[in-house]
Structures are given as structure tokens and as C-alpha cells.
Number of protein chains: 4
Amino acid sequence: MAYYREDQYGGDSRSKRHQILAAAYDVFSRKGYHRATVDEIIALADTGKGTVYNYFNNKEQLFYTLVRERNQPFEAALQQVIDADQPPMAKIEAMVRIFLRFYQENADLWRVMMHEMRGFGSEDLSFVKAETREKYREVLGSSVKLLAKALKEGVDQGVLREINVTHAAYVLYSAVVTMAFNHFIEDVEASARELADIFQYGMAKH
Amino acid sequence: MAYYREDQYGGDSRSKRHQILAAAYDVFSRKGYHRATVDEIIALADTGKGTVYNYFNNKEQLFYTLVRERNQPFEAALQQVIDADQPPMAKIEAMVRIFLRFYQENADLWRVMMHEMRGFGSEDLSFVKAETREKYREVLGSSVKLLAKALKEGVDQGVLREINVTHAAYVLYSAVVTMAFNHFIEDVEASARELADIFQYGMAKH
Amino acid sequence: MAYYREDQYGGDSRSKRHQILAAAYDVFSRKGYHRATVDEIIALADTGKGTVYNYFNNKEQLFYTLVRERNQPFEAALQQVIDADQPPMAKIEAMVRIFLRFYQENADLWRVMMHEMRGFGSEDLSFVKAETREKYREVLGSSVKLLAKALKEGVDQGVLREINVTHAAYVLYSAVVTMAFNHFIEDVEASARELADIFQYGMAKH
Amino acid sequence: MAYYREDQYGGDSRSKRHQILAAAYDVFSRKGYHRATVDEIIALADTGKGTVYNYFNNKEQLFYTLVRERNQPFEAALQQVIDADQPPMAKIEAMVRIFLRFYQENADLWRVMMHEMRGFGSEDLSFVKAETREKYREVLGSSVKLLAKALKEGVDQGVLREINVTHAAYVLYSAVVTMAFNHFIEDVEASARELADIFQYGMAKH
DNA sequence: GATGAATGAGAATTCATTCAT
DNA sequence: CATGAATGAATTCTCATTCAT
């Protein structure tokens, strides 16, 4: 019998669940949440409509699951950097690289997710129930928090100036996201160096 | 007869057209494009459903018109700065202040717009026909272009280092947007100084 | 312009609302609640699907409205009898006649309603939310209560034996319903006399 | 090996068939026919979905089988009374007791069945094919027919007045059913006496 | 026999848009 | 111009049934 490897969706790559998640990734990324239809997803997944609802409670939960499973390895990679024994600047650079790589791959899906969540932080206008939204916000917020933590270390150890680390983390984060969303990232290394350069030394000549 | 001033929507504030645009601003901002319904807009605008279609071809064009008209005075203010005879750094700071003020006011609507446009610059997955999308992109892109132009002047005049001004403009722009979307802006002056500080001198202690 | 009279549905007989309720009566009566489809109702009502949802929140509320509006004149007629100044036996006979006439007309719809309500009195297994169910039960229960009240008068005035009037009311009521549901009622007068005979004097020869 | 007795479902109580029928009784009784799902039945029966379709052709036939098998011992008990050599009044009382006992136990399932059948006797609006419906009607009708037969004996032997025995049978039957459906039966003996009292001697004082 | 993953026909509901008044 | 009743295309979700293992 042929060998099929376990993939990121926790199933062998032929499984219906996998096919659905892969198709959902594609359609949600291209269409956004509301314009994505279950019909298009199943057409792409080459499966029946009922099958989707065997694996997921509804469209929303399918979307949430997709985001969560995509996020997992990324989160793990970040955590590994945090736990490593490195100087703060090295950590930050490593994290930026991970961000760049992740968003280069998942830019479109994340854009959709962030929009549906109203930018990690608003109230009533999302398609998702308050409780679920909290989960998404966790997903998103944790990345920024990890970054802020690293910046804080930098400040504490005296290699960074006394800045508002939360704001700085968001700004740095948003820079990565913006570059990714605008497809400015051709070479992760080059982009990482560009960002590091600006954020470390500023734009001013001195 | 009472006096009603011409307002930003180009009509007297009692006019149906005005009421609809004001209501649309509210609803699109709170609900996003897809979850906003014409029914909710007319309820808020205290007008009939047909009236909306007297003034606008359809929901999409209503949205586009809203964005365009909101953008106009902002764009004008930016242009004024550009045309003024000031040193580049002063221009940039002035522009950042205008950005902050504008996004503080219009954060929610712009978030919606940017999402529906797929970040000023993507492919096929928006709700809007290719031609119309081009118009939106113009709206958004022009701001960034003006910023890039000011940065270029800075580089040319030797006050800024040799950086990729397009990238830098997007990054600076995204910083403003991120702060606005996360409601980090309490005091425009303070925020402007915070951003100027980071982007001019960087985060590193040196 | 032609004259159209106000009918029991509170609208002129051409109105869409009327057409929908009339069609709903037909379909719910023939098919029961679950097997009735909105598609069939609109086909019969010669209207569009959206129109149904302009007048009614959903299928359930359409059904409830139908029952309530059908019930109203019936309820009023009963109340009139109760309020009249007649001896108890005359009241009871009059009520039975009203029941017979009403159920002869509405047997099928009421059968459906009673089933969906689980016979005026059960718990979790209906299609309708607890609150709404309470309303239905009221509709049904009130008839029986009025009957019990008349029986009580009879007992109090010494023309009826000391019986459990609640049970007796249900039994008498169920007799009417059963005859109606089995299409045993050809002539209301004859049926009324038959029931009066059995319930007054019993079946035994003495 | 342990002993498992043959039960009313004609199988040993461990058998899958038995478990399914027992679960089906529970779910159909609580939810009614349409709201009952095969999924809920198999969850309760602790069996697989396919197994249901090994034993029964479809949901409808499962329901019909359930009703038929529940009805069998009841029918037998009734027949025994009919065949016994007793005076008519004793027969009728005995039958009423059997009815009361049976409906006390099966009220909910029978309510569902009667509804789905449209009261033993209607036209096109049931979930069941004409032929099958005939079978159900037989199940239900036979009880009433046996009762009518006993009443006829009473009339023939001069202990009952000259009444329409078919109507009287339905009325007496409906009284039992109504009491059962309304959970008025606490003590079968007391209820039997109450009904016998009303139907023999009437409600009037004389 | 037992199982349960896969399926798709069918149903309810939403909402942008039209058009007669 | 203003209106809002009427519409139906589009979409999500359910659930009985099949069939390969």
C-alpha cells in the first residue's frame, strides 16, 4: 500500500478532511469569508456537501479550524525562538524572519481573518460570536505579545531605548504584515535586513 | 428659510442623498461591507428603499461613493502639504499628523474598504469589478505615493539615508494605520511624536 | 374601482398577505407542519418567496399567525355564549354547536396544531420555542376552560351531578374533536343532539 | 451462557434489532416522526447507522414496525376480552381498563402515530404510502371496532339504549385517549370508574 | 452481520434590486 | 423625486440512505 504522509491538517493527504481544508484555504483566501461559498469549496475539494458538515459544524467553524491549524506550527516556531538562549536583537530578527515567512505563505487567509475579527479588537460587527472571536484574538494577539516580550527584554538589557514596547511591537508587526500583504517580500533575508535596518537605526541620517 | 450649509457630501445636510451617505458610513463602519444591509441603512437614513437607488446604482457604488467623498478633503489636505515650501522632515511630520487625524476618524470604514480591496493590490477576489477596483486603489495608493514622494525629497536632499522609499512609505503608512485600527491614538500630537521618534532614530540605543 | 371586502385575515382578499395565509391554511392542513414547504405555499399563493418573509418572520410564525387568526372569531363566539344569560345546559349545548361548527371547518389545521403542541401539555419535543408554545396552549386551553366553567355552573346550580368538571370538559371536548377529525359530522344539529343525548343521559338504559 | 428472554420485539434483548426498536420508541415518542433522526436513534441504541438499514428498509418502515409490534400484545388482550363469555357491560369495562393501561404506557408514541396517519382516515397528506397507511389504519381502527362490537352486543341484549354504536365507540375511545394524552390517568381503576360513571349514567342529575 | 464515511436532494431564509404608484 | 411591496437568485445547513470494508 502506498505511503501517504501525515500533513499539517493532522490527516493523511488523501483524507476528505484534508481536501476540504485545503480547498477552504484556497477559496477563503481568494474570496474572503462572505464571498466564499460552501459550494465552491466542495467543488474544489471534490467532495459532497454533507461531508463538509460531517467534519465541521458550519462554515464559521470550518474557517476557524483552518486558521487554528495553519497557525499552530507558526506559533510553535515563535515559541521556540522565545525560549532559546539568545540576545534580544537576535531573537527579534529571528522572529521577524518567521513572521515574514509565515505571512508570505498565508497573507491572504490572514488578511481575511484579521478583517473578520475587526483588527484583534473591536466589538459587535463581526460574523463570529463573542466567545469565538476571543479565540481568534488570542491567535493573533499572541504573536504580537511574544514580539513585545522580546522587545521588553531588549529594553531591560539596555540594547533598546526606552520605548512603548506594546506600540513598537504592533508597529513592527504591522510593517511585516503590510509588506507581506503588498507582496513586497521577494527574498525573506533581504526583507528582514531591510526592516531590521529601518527599525534599528531609523530613517534619519546621523 | 433656514440655512443649511453645504457639507462634505456635497449636498445640504437635509438632503436625502446626504442622509443616506451618513447612514451608510455608520452601517458600513460597524458591520463591514457584506453584513451591512440596505435595509439598515434606510432605517437609519429615514428614507425609502427606492430612494437609495435613485441616487446610487447599487450597494457597491454607494460604498465607493462614500469612500471617495470621505477621501477628498483628506487628499486635498495632503496635497497642500506637498505643495508647501517646507523641509522634507517637516512635510513628513505634517503628513503623519494628517494621516493620524484622518484614520482616527475613519478607521473603521477604511478597514472595511482596504479589506474589500484586498490591500490595494491583489487579483480577482474582491466584490468589485476590475475597473472600479482600480479607482479604489488609486484612492488608497495616492496617499502612500505622496508619502513616498516626500521621503524621496528627504533622501535627495540628504536628510534621510538611502532607503527604498516605496517600502519605507508603506511601512510608515502601515504604522499609522495599525495604531489607528488598534485605537492606540489618544492624542494625535503624542502619537505623531512617538512615530517620528521611532522612524527617525530607530529603536536601537546608540 | 372594484369592491373587496375586509376578510378574516384583516386584509382585503386580494392582498398578498391574505393569499399567503389562505395558501398556508391549505398546505398546512393537508401536509402537516413539517411536510408543508414554503415552496408549495407560494406556488399556491401565486407569490414570490421573499414576500412570505416580508409578512412573516419564518415558517413557524406564519403557522402561529394562521392559527391565531383562525381562532379569533371562534373564541369570540364562545365568549358571547358564556356572557349570555342562559341556563347552564343551554350554554353547554350552544358551545358544543360552536365547537362542532368550528372543527368541522378547521379540523385538519387544528389536528396539526394540536400535534405540534403535543396535546396542549408536554415538554421538549415540539418544533416551537417554549414561549411560543405557551401561546398556542393558551389558544387551545381557553376553549376547554370555558367549557369547564359552564359545566361548573351546571353543578353549582344543581342540574349536573357532582363530577370532576375539568375531566368532564376534556372528555366532552375530545368527543367533539374526535367526531370532527373522523368526519362524522354531517349535520351539526344532529351531531349536537347526539352528543347531548349521550353526555346527559349516558348510554345505559334505565 | 446467560439467559435472555424473548421480549415483545421478538428478539433477545441484547439483539441489535431490539436495541434499535427500544431506542426508536424513545426518540419517536419524545420528538415525533419528523424531528426524530436516525442519528439520535443509533446513538441511543449504541449501534451503527448501517445496522438500522440491515433490519429495516427505511425510517418509515422502522416506525411502522415499532407501532405494529407495540400494538400486538394489546390487540391480543382486547381479543381475549371479546372472546370471553361475559356480559357486555363487563366487557366494555374490561376493554376500557385495557385501553387506559395501554395508552398510559404508549400515549406519546400513539399520539405521533395518529397524527402521522391523519386520524385513521384521511386523504393524501401523510408521510406514508397509501398501502402502508391502510395498515396503520387497520391497527388503530381494529381497537375501535372491537369496542363498537361490544357496544352492539349491549344494545342487542337491551342493556344499552339505541345509540349509534360506531359514534359511541369513537367517543368513548377518544375519552380514554384524551385522558391519557393529558396525563389525567393516575390510577387506572379510578379513571375507569370515572369514565364508566359518565358514559353509563350521563352528567345530568335525574 | 456490523459499521460509519460519504453523499446530495431538499428546505428555510436573506437581501439586493426593480418598478408601479 | 420618493416610496416600499414584490421578487427570486443565491446560500447555508439537514438528514435519510448507500455501500465498501
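Letters A, B, ... are given to chains in the order of the sequence lines, protein chains preceding strands, and every chain is numbered from 1. It should be emphasised that the depicted structure is a prediction, and the values quoted were computed from it without experimental measurement.
Closest-nucleotide positions on DNA chain E for B:A36 and A:T47 were compared, and the one nearer the 5' end corresponds to A:T47.
Looking at heavy-atom distances under 4.0 Å, A:T51 makes contact with a base. Heavy atoms of A:Y55 sit under 4.0 angstrom from primed sugar atoms or phosphate atoms, though from no base atom. At the heavy-atom level, C:A45 lies nowhere under 4.0 Å from the strands shown.
Rounded to whole Å, the distance from OH on C:Y33 to P on E:dA11 is 14 Å. The interatomic distance linking C:F28 (CZ) with E:dA11 (C1') rounds to 13 Å, in whole Å. To the nearest angstrom, P of E:dT7 lies 14 Å from CG of A:D39. Nucleotide E:dG4 holds its P atom 19 Å from the CZ atom of A:R17, rounded to whole Å. D:R35 has its CZ atom 14 Å from the C1' atom of E:dA11, to the nearest Å. In this entry the distance linking CD of A:E40 with C1' of F:dT12 reads 15 Å, nearest Å. The separation between A:I41 atom CD1 and F:dC13 atom P is 11 Å, rounded to whole Å. Counting to the nearest Å, the C1' atom of E:dA16 and the CZ atom of B:F56 are 15 Å from each other.
Of the N and O atoms on the side chains of B:Q61 and B:T65, at least one donor lies less than 3.5 Å from an acceptor on the other residue.
Taking the side chain of D:K16 as heavy atoms from C-beta on, and the options E:dA2, E:dA6, F:dT7, the nearest nucleotide is E:dA2.
Residues B:E116 and A:R35 are not paired through a salt bridge, judged by the lack of any N-O separation under 4.0 Å between the basic side chain and the carboxylate.
Summarising the geometry of B:V67 relative to B:M113, their closest heavy-atom pair is CG1-CE, 3.3 Å, with the distance given to 0.1 Å. Closest of all the heavy-atom pairs between C:A36 and C:V27 is CB-CG1, 3.7 Å.
Counting only heavy atoms from C-beta outward, the side chains of A:D108 and A:F28 never approach each other to under 4.5 Å.
For B:K31 (side chain) and B:E40 (main-chain N/O), no donor-acceptor pair under 3.5 Å exists by modelled atom type.
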- Message: Once pairs are restricted to Watson-Crick or G-U wobble with both distances under 3.5 Å, how does DNA chain E read as a dot-bracket string, [ ] for crossings and | for other-strand pairs?
- Response: .||||||||||||||||||||
Under 3.5 Å donor-acceptor pairs involving side-chain atoms of residues 44-55 of chain A, not counting sequence neighbours:
| unit_1 | atom_1 | unit_2 | atom_2 | d |
| --- | --- | --- | --- | --- |
| A:T47 | OG1 | A:T51 | OG1 | 3.4 |
| A:K49 | NZ | A:D39 | OD1 | 3.0 |

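Using bins of under 30°, 30° to 60° and over 60° for the plane-to-plane angle, the ring pair B:Y33/B:F63 lands in the perpendicular bin.
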Atom pairs under 3.5 Å: protein N/O with N/O of nucleotides 17-21 of chain F:
| unit_1 | atom_1 | unit_2 | atom_2 | d |
| --- | --- | --- | --- | --- |
| F:dT17 | OP2 | D:Y53 | OH | 3.0 |
| F:dT17 | OP2 | D:K59 | N | 2.9 |
| F:dT17 | O4 | D:K49 | NZ | 3.2 |

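A distance of 8.0 Å separates CH2 of B:W110 from CZ of B:R70, quoted to the nearest 0.5 Å.
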